[in-house]
Amino acid sequence: GQRAPRTRRRDPMTDTVIRHAAEADLAPIAAIYNDVMRTSFTIWQEEPTSLAERQEWLEETSTMGYPALVAADRSGVLGFIAAEPFRPWPGYAATWEHSIHVRRVSRSRGIGGWLLDAMQATLGTLGAHIMIAGIDSENDGSLRFHARAGFVETGRIPEVGQMRGSWRNLVLLQKTLTPLTTGAPY
């Protein structure tokens with residue numbers, strides 16, 4: 001059978017722990033989110049998020065049973081990952097979309113990979129079959145990161161969003177978490 005992930009995992013070399021997001025994490029989560037929004041096209045939002053908006057997000061996430069994880073060490077939250085069903089209809093129940101963001105000074109240290117691995121394990125316990133990533137077409141770093149993690153490009157949607165006065169293109173990637181057991185392959 002499939003082994004359920006532990007809710008807390010510690011890396012003895014870095015003293016980094018992966019755990020469920022808590023209210024005390026919301027200020028650093030908002031800071032990471034706003035930094036990513038200001039410095040890239042990763043988040044298609046132009047107004048900074050507030051602590052109140054992050055509180056509402058965490059309450060809704062918790063109420064719905066959607067996972068939100070953080071990586072943290074003695075310096076605080078290093079990054080976070082959250083997932084929710086890809087679409088609201090029952091036929092999509094085993095397909096989840098995620099977003100992942102790492103504090104700028106903590107990038108390229110394996111934090112993103114560790115968060116992604118933990119989310120994949122968590123989603124496995126929720127019966128997930130497919131994990132989706134929607135990434136801006138110019139976000140080469142995230143596209144490479146997801147490709148290294150086994151995600152494959154499944155589509156491109158041109159000019160689907162706007163940010164800072166320009167049309168943005170979305171790349172959809174997916175990873176199969178469990179093998180196909182019924183139905184026809186695509």
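Worth knowing before you read on, the calculation uses all heavy atoms, side chains too, and leaves out hydrogens, waters and symmetry mates.
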Tell me the closest heavy-atom pair linking [X] and [Y], and the distance in Å.
{"X": "A118", "Y": "I18", "answer": "CB-CG2, 3.6 Å"}
{"X": "A71", "Y": "I111", "answer": "CB-CG2, 3.7 Å"}
{"X": "A22", "Y": "L58", "answer": "C-CD2, 3.6 Å"}

Flag yes if more than 12 heavy atoms outside [X] fall under 6.0 Å of its [atom1] atom; otherwise flag no.
{"X": "E153", "atom1": "CD", "value": "yes"}
{"X": "Q55", "atom1": "CD", "value": "yes"}
{"X": "E23", "atom1": "CD", "value": "no"}

Practice item. Report the distance from atom CG of N139 to atom CZ of R168, rounding to the nearest 0.5 Å. Key: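 If I round to the nearest 0.5 Å, the distance is 9.5 Å.
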Exercise for review: Working to the nearest 0.5 Å, report the span between CG of L26 and OG of S50.
Suggested key: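 The OG atom of S50 is 10.5 Å from CG of L26, to the nearest 0.5 Å.
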Review point. Is a side-chain donor or acceptor of H129 paired with a backbone partner of T178 at a separation under 3.5 angstrom?
Key: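 Yes, H129 side chain to T178 backbone: donor-acceptor pair under 3.5 Å.
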Exercise for review: Could you tell me whether the side chain of R107 and the main chain of V102 form a donor-acceptor pair under 3.5 Å?
Suggested key: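 Yes.
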Min side-chain heavy-atom separation [X]-[Y] under 4.5 Å:
{"X": "I135", "Y": "H146", "value": "yes"}
{"X": "I130", "Y": "F86", "value": "no"}
{"X": "W96", "Y": "P67", "value": "yes"}
{"X": "L116", "Y": "F151", "value": "yes"}
{"X": "N169", "Y": "E159", "value": "yes"}
{"X": "V70", "Y": "I29", "value": "yes"}

Review point. Side chains of R109 and T16: do they bring a donor and an acceptor to under 3.5 Å?
Key: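 No pair is found: no donor N or O on one side chain lies under 3.5 Å from an acceptor on the other.
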Check your understanding: Parallel under 30°, tilted from 30 to 60°, perpendicular over 60°: which one fits the rings of H101 and F80?
Key ->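 Because their plane-to-plane angle lies in the 30° to 60° range, the rings of H101 and F80 count as tilted.
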Check your understanding: Should D25 and R19 be marked as a salt bridge (Lys or Arg N to Asp or Glu O under 4.0 Å) after you check the CA-CA gap, both sets of side-chain angles, and the distance that decides it?
Key -> CA-CA 11 Å; D25 301 319; R19 58 175 170 71; 2.6 Å; yes
Check your understanding: Does W89 have R87 sitting over its ring (NZ/CZ under 6.0 Å from centre, angle to axis within 45°)?
Key ->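 Checked: cation-pi criterion not met.
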Check your understanding: Would a hydrophobic clustering, with Ile, Leu, Val, Met, Phe, Trp and Tyr connected at side-chain separations under 4.5 Å, put M64 with I81?
Key ->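 As far as the 4.5 Å side-chain criterion goes, I81 and M64 are connected within one cluster.
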